[in-house]
Amino acid sequence: MKNNDFVSIQSQIAAGSLTASKLVSDYLSAIEATKNLNIYLAVFTEEAKQRAKELDEKFANDPSSMGRLYGMIISIKDVICYKDHQVTGGSKILAGFESLYTATALQRLLDEDVIVIGRVNCDEFAMGSANENSAYGPTINAVGENRVPGGSSGASAVSVQANTCLASLGSDTGGSVRQPAAFCGLVGMKPTYGRISRYGLLAYASSFDQIGTITHSVSDAALLLEIMAGPDEYDSTASQAVVEKYSDLATEIAPKKIAYFKSAMNHPSMDAEIRTASLDFLEKLKKDGHEVVDLDFKLLDYLIPAYYVLTTAEASTNLSRYDGVRFGYRSPEVADLQDTYKKSRTEGFGTEVKRRILLGTFVLSSGYYDAYYGKAQKVRRLITEKTNKIFQSFDYIVMPVTPTVAWKIGDKTADPIAAYLADIYTVQANMTGIPAIALPLGVNQENMPFGIQLMSNRNTEHDLLNFAKSLHL
Ligand code: GLN
């Protein structure tokens, strides 16, 4: 049987028919068998085996001493720091760099006996929608046919999809957890901004970045979130809001008020099969007794331009730390300090990262700041106000996750704008800081998966997860 549900794994362990060691060894075989997909940048083979052995022994001695995640084997995106393990952000500029500390989110999982089986590929510094911007080559969607897995947490999604681990930690700045989850038929959860500490997460755009999960089930997303969430003395932007018992999921759901945007469903970029399936989904919600209302949302087409102005601006300052001086790659042949900066960055960063640093520097430069950065900030505020207003009357906003299914590798590389536009439905949650979850909705005629997205008001993850679970998708 496929062990893709943590509750079933736990009950098999309790019944004595499964151990962490057996799980690790099965996953290691799956990793070996899927090497062609280029999922892992590093597999922690010996360490995972050793930790599983120790945990199994601890369990044999005293089952009551186990953490809540005993039996949960995860992969981590290459932007999450794990002490004494390399972290490169999918970039050559950090090749060989070892984390000096562990990200708070990951530490909380380790404290509950999670096992990390390896570090997975991603778009360089989490910039991308297809996992094609990694310095370590593209990751391939396990559905086959040379399809991208989505990005930037593309390999996180494939690691779960290909059953090389049970869950993966990714990061979501503009959709990077939800979009690959949708392209791979999985659940992608991005919590409220600040719900999970960003300490130990390589920064891309700090006012957007959030750690999220890719799992097979809503219950696993809820459990991981419950353990990772909460204040952190190392991240002053981490929310002080009470962490609810997200993993206590209700079985009965009262009728809800649900909004959707016709402008989103009828957007010219929208694939016909995804549109039909999304509208059918809304019909089903109505039949199940929920109130479903179509709203006018005129700001849809402003989301992407504002998002790319703001995130590139933040990225241009965040990435200035990679200067070839303090850590990471340094060009071997340099004449002086200026040359060190220039050559190290020229050789260390990939094309997309350079494009964004240049764009971000431009929109922040004097003379252009007001026209671009300042304007985009205003758009962000407008979108946030409009979104907050919707939540005064509605419980959820339903959106597709993506306008299309996964494209073929190489199809959008010549046209970065086409890839940016594919983020149209995911960036609203990051622009406004609200939680959003991507759920698998179906497959198209070519058997390619796509998802549906639910968004809710800030800090209402428990309610969102309850509702998501009740849909049985
Ligand atoms: N595709 C978006 C971007 O390239 C989202 C990336 C992300 O969420 N990390 O910025």
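Predicted model, so just to flag it, every value in this text is computed and none were measured. Keep in mind that the numbers below use all heavy atoms, side chains included, and drop hydrogens, waters and symmetry copies. For ligands, and for the atoms within them, numbers begin at 1 and follow the listed sequence.
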Excluding sequence neighbours, so at least two apart, what forms ring pair (Phe, Tyr, Trp, His ring centres under 6.0 Å) with [X]?
X      : value
Phe125 : Tyr322
Phe6   : none
Phe261 : Phe297

ask   = Can you pull the residues with any heavy atom under 4.0 Å from ligand 1?
value =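 Answer by chain and number: Ala126, Met127, Gly128, Ser129, Ser152, Asp172, Thr173, Gly174, Gly175, Ser176, Tyr204, Tyr307, Tyr308, Arg356, Asp423.
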request  = Test the Arg356-Phe349 pair against the cation-pi criterion, namely NZ or CZ under 6.0 angstrom from the six-membered ring centroid and within 45° of the ring axis.
outcome  =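 The answer is no; the distance or angle limit is not met.
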message = Over 60° means perpendicular and under 30° means parallel, so tell me whether Tyr199 and Tyr234 are parallel, tilted or perpendicular.
response =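 Ring orientation, 0 to 90° scale: parallel.
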ask   = Would you call the rings of Tyr420 and Tyr308 parallel, tilted or perpendicular, where under 30° means parallel and over 60° means perpendicular?
value =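 Plane angle under 30°, so parallel.
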